[in-house]
Amino acid sequence: MEALQKQQQSLQLEVDDLVARLQGDEAGLESYKTKQLETKQTIDDLQQQLFTTSNAITRLEQNALHAKQRKGQVEQELARISEQHELLNHSIDEAQEALAVSNEALENIEPEFALKEAELEHAKERFEDAEQALREFNTQARAQEQTYNQLRQNVQQCHSQIQSTMSMQLRTSQRISELQDELKQLDEEDFASQITLLEEQCSELDFDIDEAKQLLQESNQKVSQQQGEVNAIEAKRRDTQGQLQTALSTKAALEALQQDASNNEDVTLDGIEKLWQQFSSNQTLAPCVESILQHTKDPVVAKSHDIQALLQNQDNLPSGIKVFTDKAFVSTARIGSLAHALLTESSTNESSTQRVPTFFNDIYLCGNDDELAATIENAFVSVLDKEDDPEGIAKGFTSAISPSGLWASSQWVVKPGEASDGALQRANKIKELVDSIEETESLIDEIEHLLERAKQALEQSEAQKQDIQRALGEKENQRAQIKNKLSLLEMQQEQQSTRTAKLNDELAKQELMLAKEEEQLAQLSEKLELQEAQILEHEVHIDDVNAKRDANERTTSELRALVDTLTSQNHELALKKQQLENHQNLYSQQVTRNLQQREEYIKNKERLQKELTQLTSPEEIQEAELQSLLENKAELEQLKSAKQSSLEDIEQWLREAEKGHQALGKDIQTRQTNIDKLNIDIEGYRVRANTILEQLDETQQSLKSILETLPEDAEEKRWQEDLEKTQANLQRLGAVNLAAVEEYETQSERKSHLDTQHNDLTEALETLQSAIRKIDKETRTRFSTTFEQVNEDLKTLFPKVFGGGSAYLALTDDDLLETGVTIMARPPGKKNSTIHLLSGGEKALTALSLVFAIFRLNPAPFCLLDEVDAPLDDANVGRFCNLVSEMSQTVQFIYITHNKIAMEMASHLTGVTMAEPGVSRMVAVDVDEAVAFAEA
């Protein structure tokens, strides 16, 4: 539209130029143009009115279509309600008929039910009277029976008392005889003379034991002294042997190094040796020679080859190492040189070194490093600095060396290496070690001889000590036996006195008891005669009472059966009445519920009919309004056509008027025609734009926002087709659900609530899973630690119990939370594959090992064992006792046993004894105190 307006403006400017040139014809043309414009405006207005009318017609048609659809739905709903209303009326009629039948049946059964209740009440009264009479009779009869039974019980009790008294009298007489016999035997025993004899023997043994203890003490002192001497000699021998071993190890290491240093692996020529092997030196001169040899890369000597031979066999010589011939050695040396010192040393020590390398005569030997420095500064510098006197160097020494190995001249210095790195020094050390080893071996032989003599003396003293101990033990055993006999006799004498007094007291009590029993027996006999006479009197009335009871019980049983029959009949009538009443209530509720539903159907029908009337009434009005709008649209189209025709006439007149003008006029007309066409197009676009703007205003939308989002390939025709398709789809969808927004909000709230619950459940599940993982991890760790500890304890305890063998625990699965535990036990001498192959005692010992292993994991202050040694033989009982004794250092054991070996292990014994027939008592013994008392 903007392009058309720009084109219009351009043509209008051209026309204005032409009009300025044709001012004479302007007035006439302006009038026609004005009329033309008014006609066009009128056409535009008509077009606008026509567009408004078309919109109104479209809106009325859509409303009519919606009303038609809703009318169809209402009619269907009314038909459905009418059908349900008829069914409900039929159901109400059926329920009312059933209710009438139930009421009639209920009215008929009520008199019969009342009659049965009256009969039942009368029967219950008769039954209660009969029961009351039977209870009263039974009460009287029961009193008589109780009296009779009591008399019988009294008679039986008297017979029992008489028998018991006679038995007690017999036992008392026997006990009196036993006591008299026992007193007679106690009077015949005499312990005083035996005690006196044993006391004399014990005194003699005490004197002998004191002498033996004195000898034993002296022997112990002598043995201790000799043992100390033996220990000192053995310690000295161990120290000397350690020194010998250290020297041998050092010597072996040094010899290995010397062997490596002597190897000439890269020399294939025979007769080649290391230079250092040609002479020896002491510890003082060895660093000097080592420093020189290291600086010259450890040269070698070819004793059996001259220079020509070496040159011819140069491929067999070592690379980069100086090879001396035999002519390179001299037996004379300059005074003050290193060669002089070495030859002097060899003549003093009678060494094999009688020659030294010739170049050792050119090395001056200094006393120390300071002297070397002074010598280099004072002696060599002045000579070597004179360039015109080269013979001065040959006459003097070329270099100097100190005992530490520092080697220097006026132009260079060689620092010595490690003190123990050289082959010569190792050779000196090996020689010293050989001498030291010989001395040490000689010393060990002397120590072994001394140790042997000391051990012989110690063995003799220990033998004497054992003889004395054996004699002392025999004496002490004899004295202990005598003291035991003496204590036993004294205890028997004391027990004899106590027992005599006790027997006399008991004899008096038994005689008194015998007199009382005879008196009690006479009284019971008199009482028995009286009660037997009373029983004879009560037996006469027992038969009459039983006959009357049987008659009363038969009457009561008949009345009880009658009451049960009437109760059953009455119960059946009550159930039938209750069932009829339930049917009556059910049918009444059904009638009420159906009436309520019929009222609801009537209300819904009235509401739908009212809605149908409302839908039918606006339809006629809308039809009239639609017809009026269609007529108005037709009139507007006719008026528009007339105006359009008038406009065409005006334009035709203008064209005919302008034909008489010159070429300029034709040009103006042509341009004006184009302008008019542009105006028509612009107005058409403007009308359509206004229509679109109105539609946008009605839908509350902005043109600017639509233009911004409008795609570049937008086409009006294609969009119009899409709009028509969309309208058709909307018509097929039917009425709009106005409650959709509210339903969406409700479902959205429900979804939010469910999402919140889902998140809470997810978090709770994650928390539980995390806790489960933590518990599983802790459980695995604790189980693994406990399992390993119990397994180690089992491996330790099992060999102790069996005296050998092995046992261990094994897991049946890799998962520590689901695994089982199996025990693998193999006693010594067996190769069983399962624990089921073991004997009963072996299984018991294996179980004890496992129990004690678990017990050691978390020990308690005490442990109770109940006859755990029952399935064990004597040997295994001994092993069990050893294990318990070992563990009793940390845990107190309380165990029940009948085994003598197990009893011997205990330090405290508690048992049950029966010193007298029928009388039991607990006795506790401290074994240690008893042993001490017996030894005393």
Table please: side-chain donor-acceptor pairs of residues 848-859 below 3.5 Å, with sequence neighbours left out.
| from | atom 1 | to | atom 2 | distance (Å) |
| --- | --- | --- | --- | --- |
| S849 | OG | L845 | O | 2.9 |

- prompt: To the nearest 0.5 Å, what is the distance between CD (E506) and CD1 (I176)?
  reply: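 Here the interatomic distance stands at 10.0 Å.
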query: Between atom CD of E818 and atom CG of L811, what is the distance when rounded to the nearest 0.5 Å?
result: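 One finds 13.0 Å between CD of E818 and CG of L811.
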Donor-acceptor side-chain pairing of Q464 and S219 below 3.5 angstrom: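 Side chains of Q464 and S219: no pair found under 3.5 Å.
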- prompt: Regarding Q481 and N477, is there a side-chain donor-to-acceptor distance under 3.5 Å anywhere?
  reply: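 No.
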One thing to verify: whether [Y] and [X] come together as a salt bridge, which I'm taking to mean a side-chain N less than 4.0 angstrom from a carboxylate O.
X	Y	value
R782	E778	yes
K502	D505	no
K475	E204	no

- request: Applying side-chain hydrogen bond (donor to acceptor under 3.5 Å, both in side chains), name anything that partners E867, two or more places apart in sequence or on another chain.
  value: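 Listed in chain order: H898.
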field: Side chain D873, main chain N876, donor-acceptor under 3.5 Å
entry: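 Flag set: sc D873 to bb N876 pair under 3.5 Å.
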Extract all donor-acceptor atom pairs below 3.5 Å that involve side chains of residues 760-772 and protein atoms in other chains or at least two apart in sequence.
| from | atom 1 | to | atom 2 | distance (Å) |
| --- | --- | --- | --- | --- |
| T762 | OG1 | H758 | O | 2.7 |
| E766 | OE2 | R773 | NH2 | 3.4 |
| T767 | OG1 | E763 | O | 2.8 |

message: Can you confirm whether I901 sits close enough to C881 that some side-chain heavy atom of one is under 4.5 Å from a side-chain heavy atom of the other?
response: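 Heavy-atom side-chain distance check passes, below 4.5 Å.
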query: Do T846 and I823 come within less than 4.5 Å of each other through their side chains, counting heavy atoms only?
result: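 Yes, at least one pair of side-chain atoms sits under 4.5 Å.
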field: Worked check of side chain to side chain donor-acceptor pair (under 3.5 Å) between Q243 and T440
entry: CA-CA 8 Å; Q243 294 174 3; T440 305; 5.2 Å; no
message: So which atom in S461 and which in Q226 form the shortest heavy-atom distance, rounded to 0.1 Å?
response: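 Smallest interatomic distance, heavy atoms only, reads OG-OE1, 2.5 Å.
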